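Below is one structure, written out as structure tokens; comments come after it.
Within every chain, numbering begins at 1; the chains are lettered A, B, ... in the order of the sequence lines, protein sequences first and strands thereafter. All values reported here derive from a predicted model rather than from experimental measurement.
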2 protein chains.
Amino acid sequence: MSGNTHQQAEKMAEQLQQKVQVGEEGKHVLKTPKGTRDYNPKQMAIREKVFNVIVGSFKRHGAETIDTPVFELKETLMGKYGEDSKLIYDLKDQGGELLSLRYDLTVPFARYLAMNKISNIKRYHIAKVYRRDNPAMTRGRYREFYQCDFDIAGQYDPMIPDAECLKIVHEILSALDIGDFRIKVNDRRILDGMFAVCGVPDDKFRTVCSSVDKMDKMPWEDVKKEIIEKGLPEKVAAQIGEYVTLKAGGMELAERLLADAKLSKSEASCAGLTDIKLLFTYLQIFKVTYKLVFDLSLARGLDYYTGVIYEAVLTGTGTGAAGGEGEPVGVGSVAGGGRYDGLVGMFDAKGRNVPCVGVSIGIERIFSIMEQKAEASGERVRTTETQVLIASAQKNLLEERLRLATTLWDAGVKAEVVYKRDPKLLSQLQYCEDSGVPLVAILGEQELSSGTVKLRNVATRQEVEVSRSDLVAEVKKMS
Amino acid sequence: MSGNTHQQAEKMAEQLQQKVQVGEEGKHVLKTPKGTRDYNPKQMAIREKVFNVIVGSFKRHGAETIDTPVFELKETLMGKYGEDSKLIYDLKDQGGELLSLRYDLTVPFARYLAMNKISNIKRYHIAKVYRRDNPAMTRGRYREFYQCDFDIAGQYDPMIPDAECLKIVHEILSALDIGDFRIKVNDRRILDGMFAVCGVPDDKFRTVCSSVDKMDKMPWEDVKKEIIEKGLPEKVAAQIGEYVTLKAGGMELAERLLADAKLSKSEASCAGLTDIKLLFTYLQIFKVTYKLVFDLSLARGLDYYTGVIYEAVLTGTGTGAAGGEGEPVGVGSVAGGGRYDGLVGMFDAKGRNVPCVGVSIGIERIFSIMEQKAEASGERVRTTETQVLIASAQKNLLEERLRLATTLWDAGVKAEVVYKRDPKLLSQLQYCEDSGVPLVAILGEQELSSGTVKLRNVATRQEVEVSRSDLVAEVKKMS
């Protein structure tokens with residue numbers, strides 16, 4: 001019977017295969033798309049751990065959660081990302097609406113607020129986003145990657161929500177234990193004012209901003225060259241350089257710049273600098289200023305920021321990466337965000353704005369580090385939660401094993417049976433060793449006749465005889 | 001200062017907006033793409049509840065979890081879905097690989113197994129899949145929807161993993177409490193044998209299968225017409241009708257068909273019927289046969305099934321939907337799956353197969369039902385987990401509130417402050433009422449000087465005076 005069955009199944013499988021091999025030319029390429037990855041069970045276990053830390057922090061600060069579709073109308077994303085728009089994935093026009101994969105979670109959030117006329121909410125959103133960028137997968141840069149976003153929308157008093165976002169970044173990066181970090185802070189208004197006093201024309205602000213944003217990846221001289229190539233006089237570029245190469249500092253730097261002869265003439269810069277001072281006041285109360293620096297070279301690429309911006313970088317100390325004396329090296333950004341007071345208004349028919357500030361945790365790089373750590377430690381990661389395997393010591397006990405499993409499952413116990421009619425006891429025990437199942441409930445003729453089960457601790461090899469009616473309680477107690 | 005700041009922010013927001021309105025013609029269309037939806041916080045709370053039930057069951061049966069990218073190489077999906085392939089979303093060719101959004105989680109799973117040369121695994125995967133189908137959103141049919149898949153891959157003895165999949169469907173649908181259900185079972189080999197003895201040529205098996213699959217949505221007469229339109233003689237269609245209109249049954253129907261003069265001549269049918277009998281034996285042990293029916297009209301549309309197939313339908317009793325005497329009405333399928341022994345081999349260069357069986361829970365329909373239930377019950381769903389709000393009774397206490405919040409956050413307490421410099425106590429209490437925060441810690445000049453906090457239960461309005469050093473412990477105790 002069973003032989004017959006299998007022959008039939010194999011025959012059908014073959015037919016199906018031939019059909020495809022005829023239907024297609026050449027062999028299948030067995031891979032995931034460029035810049036993407038699968039997560040195997042061990043990687044998923046790490047991912048779950050990271051998510052728990054992050055969601056724990058978001059919930060500690062009172063956030064709700066929402067979800068949005070993986071794609072949006074193409075026009076929803078248009079005009080929001082500046083030069084980065086070229087990295088958006090479009091869907092093929094198969095009739096109907098033109099669609100694009102989401103590029104971040106912020107623009108969909110703003111669309112959601114405008115569409116539902118929500119004027120205040122504190123929400124988190126964890127989901128994958130898509131960018132046709134050059135992948136660098138060993139460093140955790142992918143084309144499909146998770147973002148964990150926390151945002152506060154609403155008309156509130158200055159810098160209170162902004163400071164809480166930074167408190168959250170600090171909480172999460174501390175809890176994840178992935179080495180030392182710094183959080184750089186700046187303000188778009190300071191940058192805009194600075195560009196203005198340096199003589200950058202209004203319509204070049206954003207593109208110069210994009211160039212300055214590269215200062216964590218290339219030296220100022222190269223950034224300067226790029227700015228000049230974008231059509232700005234050497235003198236203007238040099239003046240920008242005087243500011244953006246200033247050593248990063250804290251509240252005292254903001255005070256110094258407020259007294260700067262040129263910069264103090266810009267209303268925008270003064271507003272930004274005043275807010276930076278207020279921000280640092282709150283961050284002192286939150287006990288996180290020792291990780292924060294006010295850095296004039298921080299620009300952030302995205303178009304939609306209107307106020308405070310920030311970015312957290314790992315300094316490479318304590319993570320095994322190279323890096324001298326705690327100075328930030330190019331390990332890269334693991335979180336970023338800022339204030340975007342104009343984005344919701346871009347979606348509202350009447351232009352009504354909802355001020356927003358938020359932060360996005362870029363966890364792929366964090367995963368990479370944690371995977372490497374797990375690998376290096378050689379620690380075994382369990383990928384299932386099975387409490388007990390129901391095993392048999394003799395032949396012809398499959399139905400008894402299934403009966404016992406039913407009792408355990410129905411009582412909420414996590415239990416498994418090996419899917420063989422007559423497996424050897426040794427191979428059943430081996431299965432437990434391999435997958436980390438801590439207990440085995442062994443059935444034999446003797447146990448069946450006495451209404452008992454042998455309960456064995458896989459690690460210690462100790463066995464106890466348990467009455468079948470006590471098994472559920474016993475397993476729950478021992479695991 | 002603050003006025004200045006705000007003016008600047010508003011100015012920048014306006015500029016940003018003008019830029020976009022100039023850049024684009026006409027107004028934004030404020031919607032999600034056709035057939036998709038956002039999840040608001042209340043819907044997310046329901047979604048989380050459903051996921052917990054489902055994941056709980058998957059873990060109870062020892063499953064690990066994996067994840068795969070949202071898109072695959074187009075060729076990975078080609079030739080796997082038969083007539084349904086036209087519903088696949090393709091990405092635009094922007095240079096590089098040709099990509100498509102995943103249509104289900106089964107084909108990516110098979111690709112994963114072949115790519116990593118995995119010969120046995122028990123895994124679940126919860127993720128969104130994409131189909132360019134006609135949406136019917138009120139009935140929970142979307143173009144972007146979640147699938148919750150559980151699959152067992154490996155060479156095992158017949159029907160043991162298959163039976164466990166059905167046990168899991170039973171567990172989940174029972175636990176979700178969404179009304180009565182039936183699980184229909186059939187076998188592709190029985191259908192193929194039946195088609196053969198009825199005179200359907202081999203190359204028409206799959207297309208006739210697709211037609212028979214529609215019998216839950218249209219009467220046999222219409223299905224018959226479709227089969228004839230596909231080029232089959234009326235006589236052949238009529239013969240098929242004799243079988244697929246047979247009243248569904250249990251093990252006794254399998255026995256009757258094994259004795260059927262025509263059907264017993266088909267080796268494929270006999271193999272399938274024998275396995276159905278064995279399946280029912282195991283399902284009896286699992287105590288779930290009272291929800292199961294062996295139904296010859298169940299066909300399932302997808303190409304890749306090779307053995308047992310099944311589908312769970314809500315019968316509409318107990319969910320408020322119309323339906324007489326517990327008979328299945330068109331409320332529709334909420335879970336489905338089957339055996340697909342040939343799929344992994346389609347990806348392996350040497351055609352090596354890994355036998356697989358699995359089930360997919362279609363939770364959108366379940367969400368719809370649960371949302372309607374929540375709506376109807378008028379029960380309040382909390383969307384945050386905040387334990388306590390730090391409030392102030394007088395002006396100028398923002399910094400004190402932030403200081404106290406820091407203490408609570410750092411101790412792991414879920415706490416919020418209102419983001420206003422000087423909020424009214426009443427509006428702070430109102431916030432708690434609205435969002436279901438159970439406790440308020442109130443600070444005033446008096447409390448500050450005595451080193452205490454007033455801890456108020458929002459529901460009972462009872463207040464206790466607590467020393468600041470005891471607050472964390474007190475809040476943890478009371479929530």
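- Contact annotation for A:Val288: neither backbone nor side-chain heavy atoms come within less than 4.5 Å of a heavy atom of chain B.
- Taking both residues in full, the closest heavy atoms of A:Glu75 and B:Val29 are given as OE1-N, 3.3 Å, listed atom of the first, atom of the second, then distance.
- Only the side chain of B:Thr281 comes within contact range of chain A, with at least one heavy atom under 4.5 Å from a heavy atom of that chain.
- Contact of A:Leu389 with chain B is not made at all, since no heavy-atom distance falls under 4.5 Å.
- Of the charged side-chain nitrogens involved, none lies within less than 4.0 Å of a carboxylate oxygen, so that A:Glu97 and B:Arg143 do not count as a salt-bridged pair.
- Using a 4.5 Å cut-off between heavy atoms, A:Glu164 touches chain B through its side chain atoms alone.
- With a 4.5 Å cut-off on non-hydrogen atoms, B:Ile118 does not touch chain A at all.
- Note: B:Ile66 CD1 to A:Thr383 OG1 = 12.0 Å, rounded to the nearest 0.5 Å.
- Contact annotation: the side chain of A:Leu402 approaches that of B:Ile160 to within less than 4.5 Å [non-hydrogen atoms, C-beta and beyond].
- With a 4.5 angstrom heavy-atom cutoff, A:Leu398 touches chain B only via side-chain atoms.
- One distance of note links CD of A:Gln284 with OG1 of B:Thr406; it measures 12.0 Å at 0.5 Å rounding.
- Residue A:Arg132 touches chain B through its side chain alone, counting heavy-atom pairs closer than 4.5 Å.
- Within 6.0 Å of NZ on B:Lys287 lie no more than 12 heavy atoms contributed by other residues, nucleotides or ligands.
- Considering only heavy-atom pairs separated by less than 4.5 Å from chain B, the leading option among A:Arg37, A:Arg403, A:Lys59, A:Lys34 is A:Lys59.
- Taking a cutoff of 4.0 Å between a charged side-chain nitrogen and a carboxylate oxygen, A:Asp67 and B:Arg47 qualify as a salt bridge.
- Note that OH of A:Tyr130 is 11.5 Å distant from CG of B:Leu99, once rounded to the nearest 0.5 Å.
- Interatomic distance, OG1 of B:Thr386 versus NE2 of A:His61, reported as 10.5 Å (0.5 Å rounding).
- In plain terms, the two heavy atoms of B:Tyr39 and A:Tyr112 that are nearest each other are O-OH, 4.4 Å.
- Residues A:Asp90 and B:Lys92 are paired through a salt bridge, judged by an N-O separation under 4.0 Å between the basic side chain and the carboxylate.
- Closest non-hydrogen pair, B:Tyr419 versus A:Ile152, comes out as OH-CD1, 3.3 Å.
- Comparing B:Gln94, B:Glu171, B:Glu416, B:Lys167 by heavy-atom pairs within less than 4.5 Å of chain A, the highest count is held by B:Gln94.
- Of the two parts of A:Lys128, only the side chain, counted from C-beta on, holds a non-hydrogen atom closer than 4.5 Å to a non-hydrogen atom of chain B.
- Interface check for chain B: of the options A:Arg382, A:Lys122, A:Glu48, the most heavy-atom pairs under 4.5 Å are formed by A:Lys122.
- Proximity to chain A involves both the backbone and the side chain of B:Glu399, based on heavy atoms less than 4.5 angstrom apart.
- Going from atom CD of A:Gln387 over to atom CZ of B:Arg60 covers 10.0 Å, rounded to the nearest 0.5 Å.
- For the set B:Thr36, B:Leu73, B:Ile285, the entry with the most heavy-atom pairs within less than 4.5 Å of chain A is B:Ile285.
- With a 4.5 angstrom heavy-atom cutoff, A:Gln43 does not touch chain B via any of its atoms.
- Considering only residues two or more places apart in sequence or on other chains, B:Arg111 meets the side-chain hydrogen bond (donor to acceptor under 3.5 Å, both in side chains) condition with A:Asp38, B:Glu72.
- The salt bridge (Lys or Arg N to Asp or Glu O under 4.0 Å) search around A:Lys42 returns none, not counting sequence neighbours.
- When B:Pro108, B:Ala415, B:Gly56, B:Gly95 are compared by the number of non-hydrogen pairs under 4.5 Å with chain A, B:Ala415 comes out ahead.
- Neither the backbone nor the side chain of A:Arg123 comes within contact range of chain B; no heavy atom of the residue lies under 4.5 Å from a heavy atom of that chain.
- Of all non-hydrogen atoms in A:Phe347 and B:Leu30, the two that sit nearest each other are O-CD1, 3.3 Å.
- Contact annotation for B:Ile88: only backbone heavy atoms (N, CA, C, O) come within less than 4.5 Å of a heavy atom of chain A.
- B:Val413 touches chain A through its backbone: at least one of N, CA, C or O sits under 4.5 Å from a heavy atom, while the side chain does not.
- Looking at A:Asp410, the atoms closer than 4.5 Å to chain B (heavy atoms on both sides) all sit in the side chain, from C-beta outward.
- Using a 4.5 Å cut-off between heavy atoms, A:Ala114 touches chain B through backbone and side chain atoms alike.
- Nearest approach of B:Met44 to A:Thr65, heavy atoms of both residues: CG-O, 3.3 Å.
- For the pair B:Glu64 and A:Thr384, the tightest heavy-atom approach, listed with the atom from each and the gap, is CG-CG2, 3.5 Å.
- Between A:Leu91 atom CG and B:Phe71 atom CZ the span is 10.0 Å, to the nearest 0.5 Å.
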